[in-house]
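First the structure, in the form of structure tokens, and then the observations on it.
Sequence lines set the chain letters: A, B, ... in the order given, protein chains first and strands last, and positions in each chain run from 1. Heavy-atom basis, side chains included; hydrogens, waters and symmetry copies ignored. Predicted model, so just to flag it, every value in this text is computed and none were measured.
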Protein chains: 2
Amino acid sequence: MLQPEILAEFQTLLSVDRVYADAETLALYASDETPRYCLPDAVLFPASHDDVLAIVRLANRHRLALVARGAGSGNVGGALPVTGSLVVSFECMKRIVEFDPANRLIVVEPGVVTDDIDAIANSVGLMYAPDPGSGAYCRIGGNLAMNAAGPRCVKYGATRDHVLGLRAVTGAGQEIRVGGRTTKYATAYDLTRLLVGSEGTLALITEVTLKLIPAPERVATLRVCFSSNAAACAAVSRIMGNPEKNPAAQSVVPSALEFMDRRAIEAISEYGGEYGAAEGLPAGTQAILMVEADGAAADVPRQIAALEAALAGDGLLEIQSGFTAAEIANLWVARKSLSHAVKKIAPLKINEDVVVPVARLANLVNAIDALGKHHRVPIVSFGHAGNGNLHVNLMVHADDAEEMACARACRDALIEAVLGLGGSLSGEHGIGSEKRAYIERELDASTLALMQAVKALFDPQGLLNPGKKLPDA
Amino acid sequence: MLQPEILAEFQTLLSVDRVYADAETLALYASDETPRYCLPDAVLFPASHDDVLAIVRLANRHRLALVARGAGSGNVGGALPVTGSLVVSFECMKRIVEFDPANRLIVVEPGVVTDDIDAIANSVGLMYAPDPGSGAYCRIGGNLAMNAAGPRCVKYGATRDHVLGLRAVTGAGQEIRVGGRTTKYATAYDLTRLLVGSEGTLALITEVTLKLIPAPERVATLRVCFSSNAAACAAVSRIMGNPEKNPAAQSVVPSALEFMDRRAIEAISEYGGEYGAAEGLPAGTQAILMVEADGAAADVPRQIAALEAALAGDGLLEIQSGFTAAEIANLWVARKSLSHAVKKIAPLKINEDVVVPVARLANLVNAIDALGKHHRVPIVSFGHAGNGNLHVNLMVHADDAEEMACARACRDALIEAVLGLGGSLSGEHGIGSEKRAYIERELDASTLALMQAVKALFDPQGLLNPGKKLPDA
């Protein structure tokens, strides 16, 4: 528990209504989307860069751990308090500092909701491209922390690719401004992209300058059914690569290329009814791809035709296309009902977010199938196939010790398989507390040591989000 | 001069034919594209990652400075030796380690020529997008060091945006592997993009995994003449931004948007004859934009029409379009003759590479005009207008002390103007030795101190490219 005199210091610093240590507030900030719970000692609500600076400096004086938090919608424990820590909630820092359509950029505080940024951009024909599934409520600060992505990122890149500059306070309490407002930059060291994805372990970001791009005039969607995972993965390869080394590559980059495996489809059929069933799928459907194209109204039909040509191949059962908003929404029903449906298979999902080079997606999907059988764990896989990024959900009952042991062994083997395929632990969710035990399998010792030294440089007392991202040095 | 026994140690380490300290070789490696000259103590030609590792470790033992070098085609002194330094030339490390079209990536050593990478990609319908003007002879390692770009980068991004992973040796002699082989990545700290653009001051890169993208089927070009700089800059703004906050933004991103000012056009008319003149320009042409679109053959005409519509406005004199290779080459003649023509105005060009937010290009061009008049320095400006990135060339005679003093004052005022417009010192050439005196004007003290600490962490003895990029701590 925080000493009352330190609590009082924070209250003096920020004002009384920005510092909470009552049981109710602490309980509200004790968890994120992981099945874990840890009460913080206090919750702080800075209203400005200067507030954040003051918090970090006072925390350094008293050696208090600080856990930055946006909406708490992460699922790897990135925003989870640790014992004795203070949560720094960015919910109140939600100013649009500057909207500059002439330069296609927007400057915002970290507490702004991601979709709101896109909506502002949309008002003048622009867009903020990254579209995490939680976009309606997650905060841009959390997106920056995790290098969040989403379906559109297969065409447009993840959060990191859309950040021009940052203002931040390092763990040592230094104020920094990195990057800038230009679309090209070769001046100083790129600390901007280093801070993106660093999960609040190096600095607290207080302001971000984001790149906006022209919004597409039109979107069209294909729902594509296959008779096997292998057939769907082969189609992904034909769209995203040139496996045959043909003289011409398939050149349309889709604006979404999403995969659902057989288990996911079964889950929707069995449990998804109330949210919209997977009705009307052709018999024998074992895998579905959702494919989108966007761009100029005059060009989208050409893109769709090229994608349909690339999709054609062994095991293709059906392509349903949607061009109007209603048709598109209808095609996505099955996919959108998935997260609800999955929860009914078993109460707990152990959610992996692995990524492999896209041509190895078939190997990954095979490995998942074999591991699920071997360890007797139901696994539902879906995700951003165009990036080789799958959300692999091990469905378990937390109170069944045997099942949990199987799931842990299965998860372990999954990570080995992914690394064996040249892949990585996380495509877009980050590492947090939940996956850091695996970091040493992916990084060699000297690279990890250098990263730990970077951490020590930015945050010498180790106060920012301890126990997250990297193993302790 | 290097002690003979140390030279012998390097020869034992690398073999005799990879270590040179003869006068002729030293002279060959004493300069780059800046008008400076400094003999190194030796030139080393590593053939592998292990060679580089051995060099860095031995250099640490003897506290010897190492200056990494690709083709020596940089123009800010990035590859310029300093007194007592050893040049590490990557010319012999030019293996294509792996070409993987199925995953749209290529793994190469740093000595591979940039255009060769693009050519390999082209053989299967892919491309390596960054296209520096020196692409025919520069090495990818130098591009990584400087975060090089080129005309195409207005659409596709600079070098940093095309790097998936790196292998490197830090200044401390640690081997690291950062990033990976996937198009999405949220696992470890992003040291990949930190090393890109760090100008060989943090680590020596020994292998890079580059992202490839589908090559466009077709390119079309517009040469657009304007009656004033202001009119050309306004057209750039209409193409790249939404200055009027219209509900729909101009959505075609050109694959090149290059600018030439009146002085550049005059230089071509007066001196460019032998390389191809600026004939056939309409009377009163004061500024030219070169605009390209690329993409699917069926879509390029639509893009060109949209760009022509955006170009229409006050001061537009003429649009010439080219769709065939011959037509396109013909339109580029004036632009391509520029660097030769400029050299005839005065023997020395002080070449700035400033960048501003694109809607402020007009302010920058105005400021350049006023500064040239005020300081009586002929200035030729051209460059990548779509990114707000101009090459500003102050044309001087190095032996005219008064003229040089004027040019220095003018350069100083130019940098002030750029920073005042929210811009940055360098868009694509980097800082090297030539621009580091200005770094403190752009970065605040605490940000600079943090970057200097990053440098000290990677390279504790300060052996990698001393005197470059950042001012000394």
Would you say B:Thr447 and A:Val178 make side-chain contact, with heavy atoms under 4.5 Å?
yes
Name the member of B:Leu126, B:Ile439, B:Val454 that forms the most heavy-atom pairs with chain A at distances under 4.5 Å.
B:Val454
Structural part of A:Lys245 lying under 4.5 Å from a heavy atom of chain B:
both
Within a strict 4.5 Å, meaning less than it, do heavy atoms of the A:Thr183 and B:Val358 side chains meet?
no
Just so I understand: if I count every heavy-atom pair under 4.5 Å between each of A:Gly388, A:Gly180, A:Gly197, A:Ala453 and chain B, which residue has the most?
A:Ala453
Among residues 156-170 of chain A, those lying within the under-4.5 Å heavy-atom range of chain B are A:Arg160, A:Thr170
Heavy-atom pairs under 4.5 Å with chain B - which of A:Ala172, A:Ala298, A:Ala186 has more of them than the others?
A:Ala186
Looking at CG of B:Leu191 and CE of A:Met451, how far apart are the two atoms once the value is rounded to the nearest 0.5 Å?
4.0 Å
So, taking the atom named OG1 in A:Thr187 and the one named CZ in B:Arg436, what distance separates them when rounded to the nearest 0.5 Å?
14.5 Å
The interface call for B:Leu443 against chain A, heavy-atom contacts under 4.5 Å, is side chain
Quick one: does B:Arg302's side chain get under 4.5 Å of A:Arg302's, heavy atoms only?
no
Exam field: side chain B:Ser446 to backbone A:Glu175, donor-acceptor pair closer than 3.5 Å
yes
When you measure from the side chain of A:Lys184 to the backbone of B:Val356, do you find a donor-acceptor pair of N or O atoms at a distance under 3.5 Å?
no
Heavy-atom pairs under 4.5 Å with chain B are the metric here; pick the option from A:Gly295, A:Ala188, A:Ala149 that has the most.
A:Ala188
Heavy-atom distances under 4.5 Å only: say whether B:Glu199 touches chain A with side chain, backbone, both or neither.
side chain
Could you check which of A:Gly430, A:Pro243, A:Ala248, A:Pro357 has the highest count of heavy-atom pairs closer than 4.5 Å to chain B?
A:Pro357
Return the option, out of A:Leu212, A:Asn147, A:Leu202, A:Asp353, with the maximum number of heavy-atom pairs under 4.5 Å with chain B.
A:Leu202
Hey, what do you get for CZ (A:Phe458) to CG (B:Leu457), rounding to the nearest 0.5 Å?
9.5 Å
Contact winner vs chain A - B:Gly423, B:Ala296, B:Gly241, heavy-atom pairs under 4.5 Å:
B:Gly241
Do B:Leu450 and A:Tyr189 make a side-chain contact, defined as non-hydrogen atoms from C-beta onward lying under 4.5 Å apart?
no
Interatomic distance, CZ@A:Arg177 vs CG@B:Leu448, rounded to 0.5 Å, equals 15.5 Å
Looking only at heavy atoms and a cut-off of under 4.5 Å, which of B:Ala306, B:Ala456, B:Gly427, B:Ser251 has the most pairs with chain A?
B:Gly427
With rounding to the nearest 0.5 Å, note down the distance linking CG in A:Asn103 to CG in B:Asn242.
11.0 Å
Checking B:Ser123 against chain A: side chain, backbone, both or neither under 4.5 Å from a heavy atom?
backbone
Heavy-atom contact with chain A under 4.5 Å, split by part of B:Ile431
both
Which of the residues A:Asn122, A:Leu194, A:Asn387, A:Val154 is involved in the greatest number of heavy-atom pairs with chain B at under 4.5 angstrom?
A:Asn387
Rounded to the nearest 0.5 angstrom, the CG-OH distance for A:Asn389 and B:Tyr185 is 13.5 Å
Under a 3.5 Å threshold, yes or no: a donor from one side chain and an acceptor from the other, between A:Thr182 and B:Ser424?
no
